[in-house]
Amino acid sequence: MEVPPFPRPKDLEEAQALQKPLAAKVVVEGSLEGVRRLAALDASHKPGRPLVAVALLYDLEKGPLQVGKAQVPEEELFPYVPGFLSFREAPAYLEALKALPEAPEALLVDGQGIAHPRGLGIASHLGVHLDLPSVGVAKSLLFGRPERPLPREAGSAVRLLAPDGRPVGYAYRSRTGVRPLYVSPGHRVGLEEALALVKGLPTRFRLPEPLRLAHLEALRALRALD
DNA sequence: GCGACAG
DNA sequence: ATCTTGTCGC
């Protein structure tokens, strides 16, 4: 698939300058009907070792199909700064996507979509960069707060509200007894559609299968390094 | 000024 | 993100 070069800011101010115009391009509406193949993106990293990124092509009916991987030396990584994760991991994900024999129709990313201080979490950033629908699934909260306590039952969900009251995603209980997942639209998809996609994915444990499998692949590749 | 803070 | 033992619970 065609992948435009990803800008590598040298510092935070440069990264901020790049975020602003892109956040304005995020489209928070759209349906995922017709989407059959998505790419689940997850990364694994151990200090002192290169970061391993995985793009797992997943067919909604057939399940996992192929795996694209990429590694980025630690020296080339932008530092981890909450709110700027995309500048650190997106380059690796783009390389992993290039390694796939075919392009996905949408992205499922381990991280926030618009549930972000400036409306551009890594899922949104990648979606805008590749002009693909995308959804963010994070394991912890970065921005926004659940409008009310999240019920304990599997399948329950409550909206995530920004300080100004604007809904930016959902706190979602994928399985009973597990900590919530935070689902937010990345790009070209609406709030409910983003949640609907995640709810429709097979989920054996806390994470939806596509992401869980991508995570296992990344972890296995990381451990295979040493 | 004091916390909070994706991976 | 990863480092780690035992431990609680289905």
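When the C1' atom of C:dA1 is taken as reference, atom CG of A:D110 falls 10 Å away, rounded to whole Å. C:dA1 atom C1' lies 15 Å from atom CD of A:Q71, rounded to whole Å. Nucleotide C:dA1 holds its P atom 12 Å from the CG atom of A:L222, rounded to whole Å. Separating the CZ atom of A:R204 from the C1' atom of C:dC10 is a distance of 16 Å, rounded to the nearest angstrom. As a whole-Å value, the separation of A:R49 CZ from C:dT2 C1' is 13 Å.
Under the 4.0 Å criterion applied to side-chain N and carboxylate O atoms, A:R37 and A:E102 are assigned as salt-bridge partners. Using a 4.0 Å cut-off between charged side-chain N and carboxylate O, A:E217 and A:K69 make a salt bridge. Between A:D42 and A:R212, none of the side-chain N atoms (NZ, or NE/NH1/NH2) sits under 4.0 Å from a carboxylate O, so this pair counts as no salt bridge.
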Evaluate side-chain contact (heavy atoms from CB on, under 4.5 Å) for A:H45 paired with A:R88, printing each intermediate quantity in order. CA-CA 11 Å; A:H45 176 67; A:R88 180 182 180 78; 3.7 Å; yes

Run the side chain to side chain donor-acceptor pair (under 3.5 Å) test on A:E89 and A:Y80 for me, step by step, so that the C-alpha distance in whole Å, both residues' side-chain angles and the decisive distance to 0.1 Å come before the verdict. CA-CA 9 Å; A:E89 304 188 339; A:Y80 169 67; over 6 Å; no

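Looking only at side-chain heavy atoms (C-beta outward), A:E105 and A:R36 come within less than 4.5 Å of each other.
Of the possible donor and acceptor atoms, one in the side chain of A:Q112 sits under 3.5 Å from a partner among the backbone N and O of A:S140.
When heavy atoms are screened at a 4.0 angstrom cut-off, A:Y93 is found touching no nucleic acid atom at all. If you check every strand for non-hydrogen atoms under 4.0 Å, A:I122 touches a base. A:G83 comes within contact range of at least one nucleobase, with a heavy-atom separation under 4.0 Å.
Note: A:H125 and A:F87 have perpendicular aromatic rings, judged against thresholds of 30 and 60 degrees for the angle between ring planes.
Pairs of Watson-Crick or G-U wobble type, with distances under 3.5 Å, never assemble into runs of 3 or more in DNA chain B.
Here the CG atom belonging to A:L56 is positioned 9.0 Å from the CG atom belonging to A:L211, to the nearest 0.5 angstrom. Remark: A:E76 CD to A:L51 CG distance equals 11.0 Å, nearest 0.5 Å.
Once you apply a 4.0 Å limit to the heavy atoms of chain A, the touched nucleotides of DNA chain B run 5' to 3' over B:dC5 to B:dG7.
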For nucleotides 7-9 of chain C, list the nitrogen or oxygen atoms of the protein found under 3.5 Å from its nitrogen or oxygen atoms, one pair per line.
none

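Other residues, nucleotides and ligands place no more than 12 heavy atoms under 6.0 Å from the CD atom of A:E2.
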